[in-house]
Structure formats: structure tokens, C-alpha cells
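Labels below follow one simple rule: chain letters A, B, ... track the order of the sequence lines, proteins then strands, and each chain is numbered from 1. Only this structure's heavy atoms are used, side chains among them; waters, hydrogens and symmetry mates stay out.
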Amino acid sequence: MGFKEQCYDLLKKVPQGKVTTYKALADALGTKAYRAVGNAMNKNPDAPRIPCHRVINANGALGGYAHGLKRKISLLKSEGIQIQNNRINLDQYGFDFQ
DNA sequence: CGGTTGACCAAGT
DNA sequence: GACTTGGCCAACC
């Protein structure tokens with residue numbers, strides 16, 4: 001299993017209605033490859049089984065999405081996540097893999 | 001095997 | 001608040 005697969009596996013643990021960050025994912029994997037995590041997400045566009053849209057920047061900004069941020073925002077909103085000024089409140093919606 | 005590219009991050013100015 | 005800098009690491013060429 002490669003690095004990317006580990007990212008996806010971990011990402012699948014994030015429940016609907018919550019988000020995580022590239023930093024949190026890398027941290028949970030025991031690496032500092034924050035950027036590599038972003039690359040991994042980018043390679044799996046809207047793969048049906050991987051909720052890439054629940055991954056945002058460590059500062060609460062949205063980050064990116066292979067198929068357009070609008071799509072990402074729509075998905076997040078449909079899960080009940082409120083977005084204000086292109087930002088998400090991590091204290092409220094963040095998931096830290098406990 | 002070096003060099004470049006990111007959906008990054010933290011600290012400094 | 002906004003830039004800039006240096007560092008990080010997998011994937012690709």
C-alpha cells in the first residue's frame with residue numbers, strides 16, 4: 001500500500017459533516033509531507049469512494065479541488081457544514097482522528 | 001539520479 | 001491584514 005492509499009484510508013474515517021486538514025492527515029500518518037498529501041488528493045479527483053472534499057487547509061481556508069472549488073463547497077454545504085468568507089471553523093467542524 | 005512541481009505550513013517582514 | 005522565505009516530502013520527468 002502506497003502513501004496515497006494510506007491517505008485515502010485515513011480520509012475515509014472522517015465522518016460526514018466534519019472536515020480534516022492536510023496537516024492533520026500527514027500528522028496522523030507520522031510524516032510531515034503536508035504537500036504530498038495534497039498531491040495525493042489531486043491524483044484522485046472525485047473518486048466516488050474518497051471524500052476528498054472534506055480536506056481543507058490547516059488555517060481553515062478551503063484549499064483546492066480537482067473539479068473546481070464550487071463543487072467542493074456544494075458537497076460540504078450538503079453535509080451541513082457552514083462556510084463563511086471562504087473559510088470553515090475548524091474548532092466546530094474539524095476532526096482530529098481522536 | 002538530479003530537478004521540478006504542488007489541493008501545504010510556520011515564521012518572519 | 002498581505003506578502004515573502006524556507007522547509008517539508010511524494011510523484012513525476
(message) I want to check one thing: is the phosphate of B:dA10, taken as OP1 and OP2, less than 4.0 Å away from some side-chain N or O of A:Lys23?
(response) yes

Is there side-chain contact between [X] and [Y], with heavy atoms separated by less than 4.5 Å?
X: A:Gln6; Y: A:Leu25; value: no
X: A:Phe3; Y: A:Thr31; value: yes
X: A:Gln82; Y: A:Gln92; value: no

Quick one: which of [options] gets closest to the side chain of [X]?
X: A:Cys52; options: B:dA7, C:dC8, C:dA10; answer: B:dA7
X: A:Tyr34; options: C:dA10, B:dA7, B:dC9; answer: B:dC9
X: A:Asn42; options: B:dA10, B:dG6, B:dA7; answer: B:dA7

Between atom [atom1] in [X] and atom [atom2] in [N], what is the gap in whole Å?
X: A:Arg35; N: B:dT4; atom1: CZ; atom2: P; answer: 14 Å
X: A:Asp27; N: B:dA10; atom1: CG; atom2: C1'; answer: 14 Å
X: A:Leu90; N: B:dC9; atom1: CG; atom2: P; answer: 10 Å
X: A:Tyr8; N: C:dA10; atom1: OH; atom2: C1'; answer: 11 Å
X: A:Lys32; N: B:dG6; atom1: NZ; atom2: P; answer: 24 Å
X: A:Asn59; N: B:dA7; atom1: CG; atom2: C1'; answer: 13 Å
X: A:Met41; N: C:dC9; atom1: CE; atom2: C1'; answer: 14 Å
X: A:Leu25; N: C:dC9; atom1: CG; atom2: P; answer: 16 Å

(request) Please tell me which of A:Ala24 and A:Asn39 maps to the more 5' nucleotide of DNA chain B, matching each residue to the nucleotide holding its nearest heavy atom. (result) A:Asn39

(request) Could you give the distance separating B:dG6 and C:dC8 at their C1' atoms, to the nearest angstrom? (result) 12 Å

(request) Under 4.0 Å between any heavy atoms, over every strand shown, what does A:Phe3 touch: base, sugar-phosphate, or nothing? Just pick one. (result) sugar-phosphate

(message) Mind checking if A:Ala36 touches a base, just sugar-phosphate, or nothing, with heavy atoms under 4.0 Å?
(response) base

(message) Strictly distance-based, threshold 3.5 Å: is any side-chain N or O of A:Lys72 a donor or acceptor partner for the main-chain N or O of A:Val55?
(response)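 Indeed, once roles are kept as given, a pair shorter than 3.5 Å links the two residues.
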
(message) Looking at the base of B:dA7, is there any donor atom on it, or on the side chain of A:Tyr65, that sits under 3.5 Å from an acceptor on the other one?
(response) no

(request) First locate atom CG of A:Asn57, then atom OH of A:Tyr34, and finally report the distance between them rounded to the nearest 0.5 Å. (result)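 Rounded to the nearest 0.5 Å, the CG-OH separation comes to 13.0 Å.
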
